[in-house]
Amino acid sequence: EPLAGTDAPLPRKLEPEAAKAACADPLVLASCPKLYLRKLPEPLVPYAAYAAFVDGGKQLTSAQHVKKEAAVAASAKLAASLRARVADASAAHVELYELLLSLFAEIVAIPSNRMAPNALATCLAPALLRPAPGRRLSAEEEMADMRPIGAALTAVISNGVARPAGAKLDLTTTAPP
């Protein structure tokens, strides 16, 4: 069965051991969700929220000279605001958005992990959001947007939604919009 809005077939469900045998390379496995997110007809962060991420990230990066407590508070406030913008723009994306945020929070919390929130944001930004198709940006403009978008996503990931203790991550229950 193809992904909604694409000709790409959904991968068949593999049992954990079969999945490990099919692909043991963690880099390949990590690229699978990014590919899925890039194939969505509208990005997970809806087009309507793109400007909020750019503007919020610009405000955050311009305020980095303030005290650490103020920066942490500004980051948390921005993360909450951006979550609300995603929810307002696309109810269909909220469940998957929140699920991914909780997964990102878990990834960042793993002590042996070398993937800090800003590195995760840099890797995922192009897969999570992009400008609307009618909004033409030059390559330079799009690259210039990536720095504030990265700062905004870092804030969102750093203030991620944690699942209750003992809750299992079940990716099979969330279908693409």
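Any value given below was found using the heavy atoms of this structure, including those in side chains, with hydrogens, waters and symmetry copies removed.
- Contact of the S75 side chain with the N159 side chain is registered, since non-hydrogen atoms from C-beta on lie closer than 4.5 Å.
- In this structure S158 satisfies the side chain to side chain donor-acceptor pair (under 3.5 Å) test with no other residue, sequence neighbours excluded.
- The shortest side-chain heavy-atom distance between V45 and R85 does not fall under the 4.5 Å cut-off.
- Pairing each heavy atom of G57 with each of L78, the nearest pair is N-CD2, 4.2 Å.
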Hey, can you pull the donor-acceptor pairs under 3.5 Å for the side chains in residues 120-133, sequence neighbours left out?
residue: T122; atom: OG1; partner: N118; partner atom: O; Å: 2.9
residue: R130; atom: NH2; partner: L40; partner atom: O; Å: 2.9

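- In the hydrophobic clustering of ILVMFWY residues, with side-chain heavy atoms under 4.5 Å counting as a link, F104 and V72 come out apart.
- Considering CD1 of I157 and CD1 of I107, their distance stands at 9.0 Å, rounded to 0.5 Å.
- Under the rule for a side chain to side chain donor-acceptor pair (under 3.5 Å), the partners of E141 that lie at least two apart in sequence or sit in another chain are S138.
- Pairs of residues two or more places apart, or lying in two chains, that qualify as side chain to side chain donor-acceptor pair (under 3.5 Å) and include a residue from residues 44-56 are Y50-D145.
- Put simply, CD on E142 and CZ on R135 are 9.0 Å apart, with the number rounded to the nearest 0.5 Å.
- F53 contributes atom CZ, which lies 11.5 Å from atom CE of M146 (distance to the nearest 0.5 angstrom).
- In this structure, V54 and P148 approach most closely via the heavy-atom pair O-CB, 3.4 Å.
- Between R83 and E98 there is a side-chain heavy-atom pair separated by less than 4.5 Å.
- A 4.5 Å side-chain heavy-atom check between V156 and Y97 finds at least one atom pair inside the cut-off.
- We find the NZ-CG distance between K77 and L82 to be 12.0 Å, quoted to the nearest 0.5 Å.
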